[in-house]
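Quick caveat: nothing in here was measured; it's all calculated off a predicted structure. Counting convention: from 1, in listed order, for ligands and their atoms alike.
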Amino acid sequence: MSEVLNVEEIFASNLFTLGKMKERLPKNVYREVKKVMDQGGELSLAAADVVAKAMKDWAVEHGATHYTHWFQPLTGITAEKHDAFVTHPDEEGRMLMEFSGKELIKGEPDASSFPSGGLRATFEARGYTAWDITSPAFLKEDATGVILCIPTAFCSYTGEALDKKTPLLRSMEAVSEQALRIVRLFGNTEATKVVASVGPEQEYFLVDREKYLKREDLIFAGRTLFGAPAPKGQELEDHYFGTIRERVGAYMKDLNIELWKLGVTAKTQHNEVAPAQHELAPIYETANIAVDHNQLVMETMKKVAGRHGLTCLLHEKPFAGVNGSGKHNNWSLGTDNGVNLLDPGDTPNENIQFLLVLACIMKAVDTHADLLRQSASDVGNDHRLGANEAPPAIISMFLGEQLEDVVRQLVETGEAAHSIQGGKLLTGVSTLPDLDKDATDRNRTSPFAFTGNKFEFRMVGSADSIASPNTILNAIVAEAFCEAADILEKADNFDAAVHDLIKKYMTEHQRIIFNGDGYSEDWVKEAERRGLPNIKSMVEASATLTTDKAIRLFEKFGIFTRVELESREEILYETYAKTINIEALTMIDMAKKQILPAVVRYTKSLADTVIAVKEAGADASVQAGLLNEVSGKLAEAKKALTALEELEKKAAGIEDQKELAFFYKDQIRAAMDALRAPVDALEMLVDKKVWPIPTYGDLIFEV
Ligand code: ADP
Ligand code: MG
């Protein structure tokens with residue numbers, strides 16, 4: 001019998017929840033905190049002191065010794081610097097643990113070593129972290145002990161955002177303000193804000209840690225840079241939703257417990273399409289908290305893997321030839337009085353508010369398809385987007401039969417008289433219930449799919465922060481709402497005006513709707529005919545941040561300044577070049593020190609065999625043929641290795657970051673592929689006993 005898990009008790013045990021604040025804070029302070037949380041504004045220092053003390057007491061009761069301002073610099077991961085609650089001892093040498101309101105609210109990490117894209121010269125090192133009161137503090141337990149983590153935003157001395165959270169929070173305020181104008185038009189006077197909700201489904205791979213440690217490419221690049229396909233891949237479709245193996249199951253159980261403690265609502269777990277690939281999905285939350293929690297999910301996945309002798313790979317494409325990993329970012333907007341703006345109801349054709357919201361989202365996604373695509377790009381995701389396993393790099397919207405039909409009616413006649421209904425699904429078995437059917441089937445190939453009462457943005461990479469996609473979604477929709485509200489608030493005849501506007505937006509932007517197979521070649525051509533952008537790589541997508549259109553959008557809603565956008569673009573180029581450089585150097589290292597020497601040794605043993613067989617008077621043609629084949633591939637590999645080394649030298653001479661990024665994308669990546677091909681061919685020729693690194697078969701089938 002396994003022990004009984006008390007999930008209700010475990011849940012949020014390491015989270016300083018609102019409930020705990022209510023319990024531990026004087027009423028007036030609690031009220032002040034709640035007000036700032038709900039309506040914004042600043043907490044008084046006196047109140048902050050009280051909160052800090054309560055937070056510290058709670059943390060210390062749970063074994064905490066340190067606190068940290070936990071933030072999300074532009075590295076895409078989180079950062080923390082621990083400070084003990086230790087203070088100066090008194091005369092008698094007694095020390096009291098303390099934590100002040102000032103320490104809670106503001107931190108000052110040295111910012112000089114975080115990416116800033118030229119925003120801040122290294123001599124201007126000051127950076128500030130500011131408490132994000134909307135995301136609760138939590139305790140992290142690991143070998144360091146217990147650390148009180150305070151979610152914070154990270155800004156430069158001159159006030160520019162240096163992180164992912166600040167623009168996200170700005171975008172949430174923008175979309176709330178503009179969405180409120182829309183719901184007010186429809187008579188909702190009660191709502192005081194509109195909240196963006198996000199539920200990210202996270203895919204990941206697990207490999208055996210011992211084997212992982214034998215592969216430099218996994219260690220340095222997080223993905224395999226060499227590797228011939230195993231005899232079996234995912235073609236039998238036997239892994240997806242398959243029975244979870246014991247070792248993986250034990251990992252998932254542990255992972256859930258750790259996440260529940262942090263208040264992360266880990267809900268769904270299953271095997272994914274590729275062997276050794278899995279998924280975890282939490283229940284959706286406010287965008288801000290969902291982003292924080294997704295960072296914790298990724299971090300915890302890696303941490304817990306270690307305990308099970310496993311390594312968790314979050315890279316978008318750890319293995320060639322089988323599916324890579326992504327993140328489905330489910331997004332919706334809801335008022336604080338419980339109305340989901342994306343809920344069409346049973347008869348969407350009669351739901352005018354929904355139709356206006358839908359029309360605005362169509363307009364937003366069509367107008368800023370480039371930005372949305374950019375928000376889902378990172379170095380690893382270049383291997384997925386546009387390849388036939390992930391959404392294409394082209395942004396389109398899937399609405400499903402029911403809504404597509406409503407849109408068509410509106411565009412064609414200006415009226416939508418009816419909605420297709422789901423009806424009953426007859427199981428044909430008397431003991432099985434007949435099921436109510438959704439009005440729309442699913443579509444798995446669309447990058448931006450309507451799924452009942454939310455949109456599912458499916459392009460995001462598995463290793464990426466979801467802050468950028470949600471910042472962009474909020475921003476572009478805020479703009480569309482704003483433009484609609486500007487028109488409708490002035491209209492003399494609201495009903496007529498809203499009717500015309502929905503028809504106008506839907507007509508102008510219907511090209512963004514696509515319900516067919518997003519993986520097909522036909523769609524690429526059709527999209528081109530429609531004039532939809534097809535931005536093929538992260539490097540090419542980076543410039544979308546600083547088009548006039550983008551700067552106008554972000555500055556209008558105070559989400560990014562031009563300078564912040566320029567710096568972010570610069571960081572993307574740097575990140576790309578640095579990442580591919582690491583990959584190239586890793587390949588060179590592995591080829592030179594492991595693979596080629598092993599193959600050279602193998603050719604020697606083959607040559608010895610040929611001689612010995614000949615001496616014995618037998619036919620050595622098979623051995624000699626193999627030797628020739630291996631030697632040929634070896635020569636090819638050596639040539640490609642030298643070419644890659646030459647290009648790396650050339651890259652070192654390029655100063656301009658954008659030019660360098662393009663050089664890595666166009667030249668180095670091709671040279672890496674050219675080196676990989678003969679090495680993978682050699683792997684198929686050479687005795688497994690002499691192959692120096694674990695193979696795909698070892699890595700993905702033997703977890
Ligand atoms: P799917 O329709 O993709 O199979 P689910 O309904 O299980 O899946 O939801 C997938 C994710 O979407 C989960 O994280 C879920 O909490 C989240 N989700 C559900 N409703 C919403 C919503 N209104 N807004 C944002 N996310 C949502
Ligand atoms: Mg889904």
[X] and ligand 1 - part of the residue with a heavy-atom distance under 4.0 Å:
X      : result
Asn340 : side chain
Lys267 : neither
Glu201 : side chain

Regarding [X] and [Y], is there a side-chain donor-to-acceptor distance under 3.5 Å anywhere?
X      : Y      : answer
Glu401 : Asn515 : no
Glu272 : Asn323 : no
Asn349 : Gln409 : no
Asp336 : Thr192 : yes

Check this for me - ligand 1, [X], N or O atoms closer than 3.5 angstrom, yes or no?
X      : value
Tyr284 : yes
Pro200 : no
Thr451 : no

Contact atoms of ligand 1, heavy-atom distance to [X] under 4.0 Å:
X      : result
Ile283 : 16 (O)
Ser197 : 24 (N), 25 (C)
Pro282 : 13 (C), 14 (O), 16 (O)
Gly199 : 14 (O), 26 (N)

- Task: Would you mind finding which of Thr286, Asn330, Asp343 brings a heavy atom closest to atom 11 (C) of ligand 1?
- Result: Asn330

- Closest by any non-hydrogen atom to atom 8 (O) of ligand 1: pick that one out of Lys454, His328, Glu285, Gln202. Lys454

- Query: Are His278 and His239 close enough that their ring centres sit under 6.0 Å apart?
  - Reply: yes

- Note on the structure: Residues Ser446 and Met397: closest non-hydrogen pair is OG-C, 4.2 Å

- Please state whether the rings of Trp70 and Phe138 are parallel, tilted or perpendicular, taking 30° and 60° as the class boundaries. perpendicular

- Message: Tell me whether the rings of His383 and His315 are parallel (<30°), tilted (30 to 60°) or perpendicular (>60°).
- Response: tilted

